[in-house]
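Here is the structure we will look at.
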Amino acid sequence: MYLEKINQPGDIKKLSRAELPVLAEEIRKFLINKISSTGGHLASNLGVVELTMAIHLCFSFPEDKVIWDVGHQSYTHKLLTGRREGFDTLRKYGGMSGFPKRKESSCDAFDTGHSSTSISAGLGYARARDLLGETYYVVSVIGDGAMTGGMAFEAMNNAATIKKNFIIVLNDNHMSISENVGGMSNYLGALRTADFYTGLKMGVTNTLNKVPVYGERIVERIHRTKNGIKQLFIPGMLFEEMGLTYLGPVDGHDLAGLVKSFQEAKRVNGPVLLHVVTKKGKGYPPAERLPARFHGAEPFDVETGLPRNRKKKASWTDIFSTVMRKLGERDERVVAITAAMADGTGLKRFKNAFPERFFDVGIAEEHAVTFAAGLAAAGLKPVVAIYSSFLQRAFDQILHDVCIQNMHVVFAIDRAGLVGSDGETHQGIFDLSYLSIIPNMCVMAPKNKWELSDMMKFAVNYHGPIAIRYPRGEAFDGMKEFRKEIAYGKSEVLYDETNIAILAVGSMVQTAGEVRRELRERGFNCTLVNARFVKPIDEELISDLMKDHDLFVTMEENVKCGGYGEHVLDYLSSVGFQGRVITITLPDDYIEHGNVEVLKREAGIDAETVLKRIISEYIGRNE
């Protein structure tokens, strides 16, 4: 196997030209076999095998720098930098990350995980290189889906001012996670199909070169002038008008063509954009047919492509999907917005039923939120469905465009809390904190699948900004017997006793129920409260509980700073509570990748750890 000869950066350069296609095939087989076992991002990685090989053939690492936008397509890069053995622990706790990590390898120039950032980071590297008098190359790889993010355009606009080489690779696979939408997608589609351009350019160049004496001078002048040959024959060449030299489109699976294009790009003084067309899922038929399903794949059977562990229960996203369709049927003013995640957020059913009321804005969370504010101002009821980690990107828009004006926008926040294998950049552990500090915002979290449905119904009839956060994975279907009607700002008392009061938020209600059962078996009285509202907190209930409880325990799947526990603690302090308060939270830190249950145990929010802490605190206080 040629792959076994790749043990450190640069080893690929030792292979012959005839051996390289075999290496590409071996890489694809390796990725399919490993990811079928561990899970991970498959389709995007299969699509960039030759592109990554070409980068490693044309550049030297770690001296040169490559920055992968989002970074879920960096697996081949990891293989070519000697991390083959790490794939057995891919995305496992303590194992190799599924994204670039500077602490993992000096060949990973920048930690990534969110979209549309690579050009900005790469430009920073290039500027620093020039200021320090260094000479390495900088390559930023960005997908066509990520190009819909405004930050990418801000960076390209700024990149036009650089005078030395800076290479942007546009990996155009027609996809983000869902199918691409909007003007940029249409524009790139036109470039892909403009085969006449390449032939025309070569024809004109060859013809002019044949003109005695003056032909070569004319060609040189055309190449040098700002309004070069592309502007002459393709009106509105976007990238060149922005000040970038445009090369392409190039077949992203033609290794020789890619190498030639990179060598040409390296000769450009200034920013250059190399447009590479690839196929997501290349080389594995199930991933080619269903690239969205194999974007972030669970372990699967290689022969069939089907998941090994068939889902038995409905997920939180499934519940949201069902209730959204029902809400759409009942109220024609309900509209849905996604940022390139129709499948992931569960809005596909709503889209199919009400296509005219469904809006996919592309990877543009900031725009999605302000767009929703405009819809709300015009009298509609927008539901913005975005993952918790990605919603962080639109914090200013939530505050400035939605909450200052008290717009009725519903935020359906999926993947809240610990997400697991994708690690620090994807954990949704800050939303309770950053949302609850904003005036006019109402923040809720359901304990089970029925309550998510009830909260969505409550939210679309609310007046003002409101957010509902729920986790990834199977929806909790216990505690069905508790379904008290939702009232603004009011918590739900599940068990009313004395001494110890546990106030749990959303996903932690299930854990709190386990803790309470264990406490009861050990002879402790324990009240259990489903907080429901993180903002506002139920101050009236807390005041009542103070009368016959001397230990309050808050539980949430969020960092401590600014979370529910801190708000409860602040209130109890303000009214002179003399008892003890334990805040069960995630640490104020970034949490790495790994199985969610393992991460909960490591963070100390699992039932066993919480139980021990409560018993220790309560017995110690009452001895």
Side-chain angles (χ1 to χ4, degrees), residues 114-116 145-154 157 176 178-187 320 323-325 327-342 344-348 350-351 353-388 390-414 431 434-435 437-444 455-469 535:
H114 283 190
S115 178
S116 312
M147 274 291 195
T148 63
M151 187 174 175
F153 287 89
E154 295 171 21
N157 181 64
S176 47
S178 298
E179 187 174 349
N180 282 333
V181 296
M184 175 53 69
S185 176
N186 295 335
Y187 177 76
F320 169 75
V323 73
M324 271 299 295
R325 172 159 184 165
L327 290 171
E329 292 171 348
R330 297 170 187 171
D331 190 340
E332 63 182 13
R333 290 188 298 160
V334 172
V335 296
I337 303 163
T338 183
M341 297 288 288
T345 59
L347 285 177
K348 191 170 183 179
F350 187 95
K351 172 187 176 181
F354 315 104
E356 73 286 355
R357 287 191 272 149
F358 168 81
F359 304 98
D360 186 344
V361 301
I363 301 178
E365 290 83 4
E366 300 94 327
H367 165 60
V369 171
T370 302
F371 173 59
L375 291 170
L380 296 177
K381 297 180 178 181
V383 178
V384 182
I386 296 179
Y387 290 2
S388 172
F390 300 155
L391 187 62
Q392 294 164 181
R393 314 186 78 182
F395 177 81
D396 181 67
Q397 287 71 24
I398 297 170
L399 189 156
H400 188 273
D401 298 327
V402 174
C403 290
I404 285 180
Q405 302 181 83
N406 204 31
M407 293 293 184
H408 180 203
V409 176
V410 179
F411 294 95
I413 307 173
D414 202 335
D431 53 67
Y434 71 73
L435 290 173
I437 66 173
I438 305 177
N440 290 339
M441 176 62 80
C442 174
V443 184
M444 307 175 73
M455 285 185 175
M456 283 300 303
K457 295 169 187 174
F458 176 86
V460 296
N461 293 303
Y462 182 71
H463 299 287
I466 185 166
I468 303 172
R469 60 107 71 172
K535 186 175 189 292

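Numbering of residues begins at 1 and proceeds along the displayed sequence.
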* Just wondering, more than 12 heavy atoms not from K535 lying within 6.0 Å of its NZ? ->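 Yes, because the 6.0 Å sphere around NZ of K535 holds more than 12 heavy atoms from other groups.
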
* Verify the neighbour count for atom CD of E329: are there more than 12 heavy atoms of other residues, nucleotides or ligands below 6.0 Å? =>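 Yes, because the 6.0 Å sphere around CD of E329 holds more than 12 heavy atoms from other groups.
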
Would you call [X] and [Y] a side-chain contact if the rule is heavy atoms closer than 4.5 Å?
X: D431; Y: L391; value: no
X: R330; Y: K457; value: yes
X: V384; Y: F371; value: no
X: I337; Y: L375; value: yes
X: F411; Y: V402; value: yes
X: I363; Y: F390; value: no
X: V409; Y: P465; value: no
X: E356; Y: F354; value: yes

* Asked: Does the pair V335 and K381 meet the rule for a side-chain contact (heavy atoms from CB on, under 4.5 Å), with working shown?
  -> CA-CA 6 Å; V335 296; K381 297 180 178 181; over 6 Å; no

* Asked: Are D414 and T345 close enough that a side-chain donor and a side-chain acceptor fall under 3.5 Å?
  ->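 No.
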
Specify the closest pair of heavy atoms between [X] and [Y], including all atoms of both residues, with the distance to one decimal.
X: M407; Y: D401; result: CG-O, 3.9 Å
X: Y434; Y: I437; result: O-CG1, 3.4 Å
X: A467; Y: I413; result: CB-CD1, 3.8 Å
X: A412; Y: F320; result: CB-CE1, 3.4 Å

When you measure from the side chain of [X] to the backbone N and O of [Y], does any donor-acceptor pair fall under 3.5 Å?
X: N440; Y: C403; value: yes
X: T370; Y: Q397; value: no
X: T148; Y: G145; value: yes
X: R357; Y: A336; value: no
X: R393; Y: S115; value: yes
X: H408; Y: A376; value: no
X: D360; Y: A340; value: yes

Could you grab the distance from atom [atom1] of [X] to atom [atom2] of [Y], nearest 0.5 Å is fine?
X: L347; Y: M324; atom1: CG; atom2: CE; answer: 5.5 Å
X: E365; Y: S116; atom1: CD; atom2: OG; answer: 7.5 Å
X: H400; Y: F395; atom1: NE2; atom2: CZ; answer: 12.5 Å
X: T338; Y: Y387; atom1: OG1; atom2: OH; answer: 8.5 Å

* Would Q392 and H114 satisfy side-chain contact (heavy atoms from CB on, under 4.5 Å), going step by step from the backbone distance to the final call? -> CA-CA 10 Å; Q392 294 164 181; H114 283 190; 4.1 Å; yes

* Apply the side-chain contact (heavy atoms from CB on, under 4.5 Å) test between M456 and each candidate in V383, N461, I466; give the one that qualifies. =>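 Passing option: V383.
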
* **Derivation and outcome, side-chain contact (heavy atoms from CB on, under 4.5 Å), residues M444 and F458** => CA-CA 10 Å; M444 307 175 73; F458 176 86; 3.9 Å; yes

